[in-house]
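Ligands are counted one by one from 1 in listed order, and the atoms in each one are counted from 1 as well.
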Amino acid sequence: MSEFSWQRAVIKVGSALISPDGHQCSAKYLLAIARFITESREQGKQVIIVSSGSVAAGRSVIAHKTHPSIAEKQAMAAVGQMQMMENWSRFFDFPCAQVLLTYDDFHDRSRYVNIKNTVRELLNNNVLPIVNENDTTSVDVLKVGDNDNLAAYAAMVAEADTLIICSDIDGLYDADPRINPQAKLIPVVNNIDGSIYELAGGPGSKVGTGGMRTKIEAADKCAESGIQTLIVNGSKGEVFDALLDSRIPGTRFVPAKTPDTAKEQWLKHTLIATGRIEVDQGAKKALIQTGASLLPVGITGVEGDFTAGDAVEICHNNVPFAKGVALYSAADLNAIKGLYSEDFENVIGYSSGEAAVHRDDLALL
Ligand SMILES: Nc1ncnc2c1ncn2[C@@H]1O[C@H](COP(=O)(O)OP(=O)(O)O)[C@@H](O)[C@H]1O
Ligand SMILES: N[C@@H](CCC(=O)OP(=O)(O)O)C(=O)O
């Protein structure tokens, strides 16, 4: 078992632990997790919970056919969220705070900063934040969609050093152990590449959402941001004894040595690009080697229908190498590509400055 240390952790608890029978909230596995959280806090550590289970917890209250509709699931989440919060709070004699977030909250820079400030204030006041996706308002494209990735965003926004994903399996195996009983546990992952993603299968229970793939995605985001991720089996009490003893009874994903800044994390992981800008070799070199802003003179093509303020991928030979916030719309960039700033007024009737994407709003991939 490898050793680890941490100071501020996001602990993600999956639906399989909140609602093991799949249709109501259970306390069965929460006692050991709650004890771990309480003892960690007594050691001066800070914890944020990301808890799934609202849909499963509310399932028995909302009438539905075998496959509930989106509205039925949202109604289940609205009911189940109350039960899930109640279930957690009875284990703690300090206050808990409900934090319901959507993808849009992470995507919008000012909302992102507001989440950061709120979480900091809650932690400063010894309150335990309990985060879930706001399932009632978020559907499909507006959703993070799974709580593993939500937990990674939460870890970034909270500036945590550790993400602990508690699932119903001991960690990452070299194959889905429910399908292949010979599968072996992988204790440490130093580098998350395609071969690691290939190991991942889907969810193991009726209530799980993303399976191992979304856990690897979460670990990948966190690693780039300098955050270590552990996947452990939250249904085994002894796992938490080991964690309290600084041992890892599961899989540890080692974080990058030169992590991204907070702004780079936000640009890379939470913004969805709505367009693509193709640039020439000189512009690519300037962005990568000298840390320059992207100027329209180096742009050779524009794809998509974005407006100023939208995120775009910056590509050379169609391969994305950076992401940033465009200062001009797609139509205007198309008109001024290949030109210097003195020509912008003549061509589009205004100028928002010489850069198409400013260095401060650009991250290399
Ligand atoms: N390579 C793998 N290693 C471990 N578990 C895997 C793997 N591939 C798929 N799984 C499945 O992922 C499941 C955990 O994901 P999921 O059901 O979404 O749980 P949670 O509700 O905790 O998010 C496990 O029960 C297991 O069946
Ligand atoms: N927001 C949903 C979370 C769904 C989800 O990601 O579940 P899981 O794969 O168990 O973490 C809920 O509370 O039911």
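For the residue pair Tyr173/Asn180, the side-chain donor-acceptor check at 3.5 Å is not satisfied. Judged purely by distance below 3.5 Å, without hydrogens or angles, the side chains of Thr162 and Gln228 pair a donor atom with an acceptor atom.
Among the atoms of Ser52, some N or O lies under 3.5 angstrom from an N or O of ligand 2. Of the N or O atoms in Ala200, none lie within a sub-3.5 Å distance of an N or O in ligand 1. Any N or O atom pair closer than 3.5 Å counts here, and Ile169 shares no such pair with ligand 1. The N/O atoms of Asp148, backbone and side chain alike, include none that comes under 3.5 Å of an N/O atom in ligand 1. For Asp148, no nitrogen or oxygen atom sits less than 3.5 Å from a nitrogen or oxygen atom of ligand 2, counting backbone and side chain alike. Here's the thing with Ser54: one of its N/O atoms is less than 3.5 angstrom from an N/O atom of ligand 2.
Heavy-atom distances between Arg213 and ligand 1 stay at or above 4.0 Å for every pair. The closest approach between Gly53 and ligand 2 falls below 4.0 Å for a heavy atom of the residue. At least one heavy atom of Gly211 sits less than 4.0 Å from an atom of ligand 1. Residue contacts with ligand 1: Gly171 is included, with a non-hydrogen atom under 4.0 Å away.
For the residues Cys166, Ser15, Ser167, Ala218, the heavy atom positioned nearest atom 19 (O) of ligand 1 is part of Ser167. Residue nearest to atom 1 (N) of ligand 1, selected from Leu199, Thr251, Asp174: Leu199 (by heavy-atom distance).
Counting heavy atoms of neighbouring residues, nucleotides and ligands inside a 6.0 Å radius, atom OH of Tyr340 does not exceed 12 of them. Heavy atoms from other residues, nucleotides or ligands lying under 6.0 Å from NZ of Lys73 number 12 at most.
Residues Ser293 and Leu362 fail the side-chain proximity criterion, which asks for heavy atoms closer than 4.5 Å.
Checked against side chain to side chain donor-acceptor pair (under 3.5 Å), Ser51 has the following partners two or more places apart in sequence or in another chain: Trp88.
The part of Lys12 lying near ligand 2 is the side chain, judged by heavy-atom distances below 4.0 Å. By the criterion of a heavy-atom distance under 4.0 Å, the side chain of Pro177, and not its backbone, is placed next to ligand 1. Only the side chain of Asp135 comes within 4.0 Å of ligand 2, counting heavy atoms alone; its backbone N, CA, C and O stay farther away. Here Val55 has heavy atoms under 4.0 Å from ligand 2 in both its backbone and its side chain.
Below 4.0 Å from some heavy atom of Gly14 lie the following atoms of ligand 1, by number and element: 21 (O), 22 (O).
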Using atom types as modelled, flag every donor-acceptor pair under 3.5 Å from a side chain in residues 253-263 to any protein atom, sequence neighbours excluded.
residue : atom : partner : partner atom : Å
Asp260  : OD2  : Lys268  : NZ           : 3.1
Thr261  : OG1  : Glu264  : N            : 3.1
Thr261  : OG1  : Glu264  : OE1          : 3.3
Lys263  : NZ   : Asp360  : O            : 3.2
Lys263  : NZ   : Asp361  : OD1          : 2.9

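Side-chain atoms of Asp148 do not come within 3.5 Å of backbone N or O of Ala218 as any donor-acceptor pair. Here the side chain of His316 pairs a donor or acceptor atom with the backbone of Val279 at under 3.5 angstrom.
Just one of Leu295, Leu294, Leu333 meets the side-chain contact (heavy atoms from CB on, under 4.5 Å) condition when paired with Val357; it is Leu294.
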